[in-house]
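We count ligands from 1, going down the list as the structure has it; atoms in each ligand are counted the same way. Numbers here are sequence positions counted from 1.
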Amino acid sequence: MKRVGNFSGKNILVTGGSRGIGAAIVRRFANEGATVHFTYAGNKAAADAIAAETGAKPAQVDSADRKAVMAHVASCGALDILVCNAGVAEFGDPTTLAPEAVERLFAINIHGPYFAAAEAARKMRDNGRILIIGSINGDTMPFPGLTAYAVSKSAVQGLARGLSRDLGPRGITVNVVQPGPVNTDMNPADGPMKEMMHAGLSIKRHGRVEEVAAMVAFLAGPDAGFITGAMHTIDGGLGA
Ligand code: NDP
């Protein structure tokens with residue numbers, strides 16, 4: 001069912017849209033009238049459920065697979081909005097964490113957004129939007145055990161800064177949304193790190209996926225055309 005809303009007529013791709021923050025972003029854009037494509041890694045049941053609910057178009061595309069990412073972006077046609085959301089975390093001491101796991105994290109969290117954005121930029125319409133879901137850990141890392149993740153979330157800051165220069169002449173904006181703890185499968189609000197995380201927050205709870213989707217919708221909308229190359233933190237005060 002086609003809905004009418006702020007994003008009617010827009011062609012949008014969300015990577016990692018089957019669960020968590022990505023699913024909330026898919027819902028938000030679909031509810032506001034967009035044609036939404038999304039990718040997922042392997043959870044077909046979750047992808048099918050979101051697709052059935054929203055009418056969005058799923059595709060199983062591993063963000064670590066550069067050729068598959070670029071082929072899928074190209075197959076979506078001229079995009080108005082790209083949201084690079086797919087991401088993973090690996091906890092562990094850098095002296096013992098498996099190098100293969102770290103390489104895969106970098107491939108998903110850094111190379112995936114880079115190549116998706118580069119490919120999308122070829123055909124993206126003027127005044128388009130590229131959004132990357134980074135993390136407050138791109139700015140600040142209050143816990144041990146997440147070094148590789150922090151590296152990856154700092155790297156996408158450089159991606160947004162550079163691309164904003166490359167694509168600005170076409171009116172395309174590039175921004176990073178940096179959540180703090182958000183209640184998803186990756187970081188459940190009732191998980192073992194709850195007390196430690198909430199101790200560092202000004203707002204003593206996990207964020208909601210809809211709150212992150214609302215920031216994405218603002219940055220993707222017509223009122224945000226002069227905002228680019230910037231980081232937008234939504235972290236309950238974790239970095240305050
Ligand atoms: P979830 O683990 O809840 O969901 C991850 C989503 O990304 C799923 O749709 C998953 O697909 C997809 N995905 C994972 N790996 C790949 C891959 N290799 N290729 C394609 N899709 C993939 O994560 P969140 O919603 O919590 O996180 C989303 C983003 O937000 C990430 O970039 C994360 O780093 C960032 N973030 C999250 C925070 C949090 O506290 N939750 C805080 C700050 C940032 P499938 O269902 O098939 O597994």
Heavy-atom closest pair (A86 atom, N109 atom, distance to 0.1 Å) is O-OD1, 4.4 Å

Look at the rings of Y40 and F38 and say which category their plane angle falls in: under 30° parallel, 30 to 60° tilted, over 60° perpendicular.
tilted

### Message
Whether D62 and R104 form a salt bridge (side-chain N of Lys/Arg under 4.0 Å from carboxylate O of Asp/Glu) is what I want to check.
### Response
yes

Do other residues, nucleotides or ligands put more than 12 heavy atoms under 6.0 Å from R205 CZ?
yes

Residue shell for ligand 1, any heavy atom closer than 4.0 Å, reads G16, G17, S18, R19, G20, I21, Y40, A41, G42, N43, V61, D62, S63, N85, A86, G87, V88, R104, I108, I133, G134, S135, Y149, K153, P179, G180, P181, V182, T184, D185, M186, N187

In this structure, are over 12 heavy atoms from other groups packed under 6.0 Å from K44 atom NZ?
no

Is it the case that atom OH in Y149 sees more than 12 heavy atoms from other parts of the structure closer than 6.0 Å?
yes

